[in-house]
Structures are given as C-alpha cells and as structure tokens.
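The block underneath contains the structure these notes are about, expressed in structure tokens.
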Amino acid sequence: MSALKDEVDRQIALMREGCVDFYGESELRERLEGALRKKRPLRVKLGLDPSSPDIHLGHGVVLSKLRCFQDLGHTPIFLVGDFTARIGDPSGRKKTRPALDEEAVRANATTYVEQASQFLDVERAEIRFNSEWMGKMSPEDFIVLCSRYTVARLLERDDFARRYKGGEPISVHELLYPLVQAYDSVALEADVELGGSDQTFNLLVGREIQRDYGQAPQAVITHPLLVGVDGSEKMSKSLGNAIGIREAPEEMYGQLMSISDVLMTEYYRILGVRDEEVTALGMEVSSDDDPLGRKHQLAAALVARFHGAAGAERGAEHFRKVVQRKQLPDDLAETTLALDGADEMGLLEILERLSLTQSRGEARRLVSQGAVHVDQTRVADPTLRLGAGSYLLKVGKRRFARLQLRP
RNA sequence: GGAGAGGUACCGAAGCGGUCAAACGGGGCAGACUGUAAAUCUGCUGGCUCAUGCCUUCGGAGGUUCAAAUCCUCCCCUCUCCA
C-alpha cells in the first residue's frame with residue numbers, strides 16, 4: 001500500500017519537473033493510483049501541428065516530457081494536428097495565420113513522426129492524426145461541439161482579447177481552434193495533455209469539453225517556452241529564430257554559440273542540460289566565470305543529443321575554424337560553371353548563379369561593402385571578370401563556394 | 001442593410017498630382033570590433049543594364065492628366081458605430 005503511494009509520489013514529482021503549471025494534479029494522483037493498481041497505463045497526449053517542416057528545440061521541451069511519461073510506462077500519444085494545422089493555432093498570434101494547403105500539411109506530417117522518433121520510442125507510442133476524427137465529423141456533430149462553449153469565454157483568452165480590443169480581425173475559424181483541440185482529447189480519451197505555457201487556454205478548454213462529453217477531465221501540464229535565438233520572441237519557425245533538430249551540426253552549433261549569455265543560462269535550465277552530458281563528451285565542466293566555455297559546452301551537449309558526439313565535435317571544429325579564425329571550412333562542395341564559348345564570366349553573374357546572392361544587384365552591393373573574396377583576396381571592383389580556372393569564393397562570413405569555371 | 005475610418009515595400013508607419021523605388025522605425029544583410037554568429041558603431045536593404053538609362057511596385061480593374069501611391073469610377077478586403 002505504501003509502496004504504491006511512494007510510486008505515485010515519485011511519478012508525480014517527475015511529471016511536475018520543469019513544468020510551469022500542473023492543473024488537476026490531485027485528480028491525476030488518484031487516477032494514477034488506480035492506473036497502477038490495475039496496471040492500466042495513463043494516456044498522455046501531446047499535439048503538434050505540422051505547420052512547418054521542422055521540429056525545433058522548443059518542441060523538444062515537451063517532447064522530452066512525453067518521453068519521460070513513456071519511461072514511466074504510460075502510453076504516449078503523439079498527435080499530429082494535420083487537421084488543426086489547416087486552421088492555424090492562434091496562440092500568441094497577432095494576426096491570422098495563412099492557411100496551409102493539404103499537401104504541405106501532409107508532407108510536414110510525415111517528417112514530424114520521423115523527427116519525433118528522436119525523442120520517443122515511436123514503436124511503442126500511439127501516433128495519431130486528428131483528421132482521423134475531425135475529417136469525418138458531420139456538420140451536425142460539429143455544431144453540437146460548438147454549442148458547448150460560449151463566445152465570451154473564447155474571447156477571454158488574452159491573444160483574442162488583445163486583437164479584439166485592438167481592432168484586429170479575428171476570423172471565426174480561429175475562434176473554433178480551441179474547441180477542435182479540446183475535442184481531440186475526447187477522441188483520444190486523454191488522461192493528461194502536455195503543452196507549452198502558451199497553450200494553457202486550449203488545454204484547459206479540453207478539460208471542460210471532456211466533462212461535457214462525459215469523460216473525466218485530463219490533467220494539464222504546461223512547460224516554459226524556449227526563447228528563440230533572437231533573444232526576444234518564443235522560438236518559432238515562422239519567426240525565423242528557431243533551431244531545427246534536423247539542422248546540420250555545424251549550423252546548430254553556430255546558432256547556439258550566437259545566443260546571448262543571458263539566454264544561455266535559460267537554455268541550460270529549460271532544455272535541462274546536465275553536467276553529465278558535458279563530461280560524457282570528454283569535456284571539463286567550466287565554471288560560471290567562463291561564459292565562452294559554458295557556451296561551447298551547451299552547444300556541444302545539445303548538438304550531441306541529435307548528432308552524437310561526433311557531430312558535436314564537427315560543430316565545434318567548424319566554429320573554431322570558420323567563425324573564430326575566419327578560415328575556410330574543409331568540406332566545400334565544388335560547383336562547375338561553363339563559359340559557353342566566352343573567355344570570361346562576370347563575378348556578379350557567377351555569384352548569382354551559384355546562389356551566393358539572390359540577385360546581381362545584391363552581389364554588387366556586397367562587393368561594394370567589401371564582403372566578397374575571391375581566393376582569399378577582397379574584391380573591390382564589381383566589374384571583375386573571371387576566366388577559366390578554379391576559384392574559391394567567399395561572401396560574407398558564412399557563404400562559401402569552390403568554383404570550377406570551364407571553357 | 002446604413003454611416004464613418006482604412007488597405008503603402010519582410011513588418012510597423014509617413015507620403016495624398018511631378019523633386020517617389022517611395023521618409024522614419026523594426027527586421028534582415030554586410031563591414032569594423034568582440035570570447036561569440038551577442039552587444040555596440042557604420043553602411044546597405046526592388047530588378048536589369050555593369051549605373052545618373054530602362055522595367056516592375058503603393059488592395060484589384062478601369063479612367064482623367066504631358067505626368068498618379070497621390071484625382072475620378074466600379075469592385076474586393078479590414079475595423080468602428082447603428083440596424
């Protein structure tokens with residue numbers, strides 16, 4: 001009996017680790033006790049909308065928590081919001097999301113499951129798509145769902161309230177989003193739902209809707225939002241401040257090195273980077289008065305989570321070489337361009353054709369700003385032309401190309 | 001359905017017949033500096049010609065004019081108030 005209580009305490013403590021809020025904790029405690037007694041695992045839901053092709057470090061926070069539940073023997077439900085992605089989650093939004101077409105959503109959804117496998121044992125997880133039930137719901141049933149909540153309560157939510165007060169448009173479908181997410185919990189019979197703290201409203205609506213449909217309300221555990229590399233907004237692909245988990249180790253490492261020292265501390269905390277991870281890579285744990293060392297360790301530990309120790313090593317080496325010593329990266333792909341009978345080709349055209357710049361105009365500007373190097377020498381003349389041969393091109397700090405110009 | 005306000009480049013926001021490729025701020029990019037791809041400072045931020053020339057851009061379609069983001073007509077969209 002007391003062994004059971006101890007186990008409940010242990011699990012609840014792990015569940016609350018790193019969380020912001022834990023709603024329905026005491027109910028969950030009871031439910032967990034019953035679950036353990038009957039050996040029926042809890043159903044733990046985490047929904048992610050496949051609105052961009054990449055899962056990033058911010059998603060990693062909640063995915064890791066889901067993993068923790070899996071390790072405790074519960075059933076993780078990774079819900080791909082292929083239906084909700086097409087509505088667009090209004091959480092934290094100042095404006096309507098552009099609608100995604102079905103094809104893009106499907107493509108993203110596929111890679112989401114694959115990416116989730118970085119965190120979960122997907123073989124033993126329940127992978128679901130909310131189009132399973134939402135796609136089949138009849139208009140009548142949908143209206144029944146809508147009748148369960150009121151406009152005033154939806155408008156209480158701060159991002160809606162702000163937009164409404166500010167005279168910003170809110171489309172009706174955006175208002176419906178929380179209801180659909182809530183219904184997902186009904187369809188899945190979730191015992192627990194995880195999410196970022198910006199999801200609190202949606203998550204709590206889930207509790208009420210479940211009650212309306214005769215289910216016990218899920219517990220809700222929210223987690224801190226990871227701030228993006230810009231240091232101000234939450235990490236999000238559409239804000240361009242995200243570090244995707246599929247990014248190359250060099251890229252990931254560099255991005256992590258670019259964050260401010262204040263943010264570094266936050267990353268350590270929210271992403272739960274431990275000293276053991278650092279020592280496992282054969283690094284000495286630096287003290288707090290060595291910010292550079294600490295940041296290298298953060299970068300290495302996180303890169304290693306996705307690319308292993310070798311990846312962390314590669315990232316570190318690339319950073320030291322290219323960023324700190326301003327040298328060239330070792331593995332430069334070579335591109336060939338043909339002169340097609342001409343004797344030479346203009347530098348601006350080359351830069352554009354190699355996609356080192358987006359237009360010749362941009363190339364011209366960069367040359368005039370001293371950002372373009374050919375064979376390690378800064379170019380000052382935008383009219384420079386190159387004859388057949390092999391060249392090393394550098395634009396700015398991080399754009400390189402090895403070029404073979406063939407006659 | 002009625003009345004009013006408004007739609008400007010990646011975002012916010014000026015401009016309201018020529019001097020507008022369009023002020024200013026943010027963002028982005030580059031240079032300098034730096035432990036750093038942070039901070040700071042400086043510059044750039046439509047395309048094509050390798051330039052003071054052409055082309056595309058100010059919700060959409062027409063029109064007035066030598067000339068329109070700026071005026072007129074119709075249409076679309078957003079917000080507010082009334083019904």
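Sequence lines set the chain letters: A, B, ... in the order given, protein chains first and strands last, and positions in each chain run from 1.
Using a 4.0 Å heavy-atom criterion, one finds that A:L348 contacts the bases of the nucleic acid, with or without backbone contacts as well. Counting non-hydrogen atoms under 4.0 angstrom, A:P382 reaches nothing in the nucleic acid. Base engagement by A:D261 is indicated by at least one non-hydrogen atom pair under 4.0 Å involving a base atom. Residue A:E233 is out of contact with every strand shown, counting any heavy-atom pair closer than 4.0 Å.
Between A:Y149 and A:F201, the two ring planes are perpendicular [angle over 60°; tilted spans 30° to 60°].
Base pairing analysis places B:C54 opposite B:G47; the two distances defining the Watson-Crick or G-U wobble pair are each below 3.5 Å. In this structure, B:U73 and B:A61 make a Watson-Crick or G-U wobble pair, each of the two defining distances being under 3.5 angstrom. Pairing for B:A32 goes to B:U40, judged as Watson-Crick or G-U wobble with the two contacts each under 3.5 Å. The base-pairing partner of B:A3, taking Watson-Crick or G-U wobble contacts with both distances under 3.5 Å, is B:U80. As the counterpart of B:A14, no nucleotide is assigned, since no Watson-Crick or G-U wobble pattern has both distances under 3.5 Å.
In this structure, the separation between CD1 on A:I245 and NE2 on A:H59 is 9.5 Å, given to the nearest 0.5 Å.
The separation of B:A23 from B:C16, taken at their C1' atoms, amounts to 14 Å, rounded to a whole angstrom. To the nearest whole angstrom, the two P atoms, one in B:A21 and one in B:U56, are 13 Å apart. The gap from the C1' atom of B:C20 to that of B:U70 amounts to 10 Å, rounded to the nearest Å. Of the P atoms belonging to B:G7 and B:C71, the separation is 12 Å, rounded to the nearest Å. Using C1' as the reference atom, B:U45 and B:U57 are 15 Å apart when rounded to the nearest Å. B:U73 sits 26 Å from B:A22 when the C1' atoms are compared, rounded to a whole Å. Look at the P atom in both B:G62 and B:A51: the space between them is 36 Å, to the nearest Å. Rounded to the nearest Å, the gap between the P atom of B:G26 and that of B:G35 is 27 Å.
Atom-to-atom, CG of A:L292 to P of B:A39 comes out at 16 Å; the value is rounded to the nearest Å. Rounded to whole Å, atom P of B:C79 lies 17 Å from atom NZ of A:K165. Residue A:L347 contributes atom CG, which lies 14 Å from atom P of B:U49 at whole-angstrom precision. Computed from coordinates, the A:R163 CZ to B:U78 P distance equals 13 Å when rounded to whole Å. Atom-to-atom, NZ of A:K295 to P of B:U36 comes out at 10 Å; the value is rounded to the nearest Å. Between the CZ atom of A:R360 and the P atom of B:A51 there is a distance of 14 Å, given to the nearest Å. For A:L256 and B:A38, the CG to P distance is 14 Å, given to the nearest whole Å. What separates CZ of A:R325 from P of B:G35 is a distance of 15 Å, to the nearest Å.
Using a 4.0 Å cut-off, some side-chain N or O of A:R365 falls inside it from OP1 or OP2 of B:G47.
Taking only side-chain atoms of A:F319, from C-beta outward, the nucleotide of B:U36, B:U78, B:C50 with the closest atom is B:U36.
A:N130 approaches A:L79 most closely through the heavy-atom pair N-CD1, 3.6 Å.
A cation-pi arrangement is not found for A:R207 relative to A:Y23, the charged atom failing to lie both closer than 6.0 Å to the ring centre and inside a 45° cone about the ring normal. The cationic atom of A:R163 (NZ for Lys, CZ for Arg) does not lie both less than 6.0 Å from the six-membered ring centre of A:F160 and within 45° of the ring axis.
Between A:G361 and A:Y253, the residue whose closest nucleotide on RNA chain B is further toward the 5' end is A:Y253. Remark on RNA chain B: of its neighbouring residues A:T383 and A:S260, the 5'-side contact belongs to A:S260, judged by nearest-heavy-atom nucleotide.
Aromatic rings from A:F78 and A:F129 are positioned such that their centres are separated by 6.0 Å or more. Aromatic ring centroids of A:Y253 and A:H296 lie under 6.0 Å apart.
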Contacts under 3.5 Å, N or O only, protein and nucleotides 24-33 of chain B:
unit_1, atom_1, unit_2, atom_2, d
B:C29, O3', A:R399, NH2, 3.3
B:G31, O3', A:R378, NH2, 3.4
B:A32, OP1, A:R378, NH2, 3.4

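Around atom CZ of A:R274, no more than 12 heavy atoms belonging to other residues, nucleotides or ligands sit under 6.0 Å away.
One donor-acceptor pair, N or O on each side, does fall under 3.5 Å between the base of B:C50 and the side chain of A:R364.
Annotation: side chain of A:K234 is in contact with side chain of A:D198 (closest heavy-atom distance under 4.5 Å).
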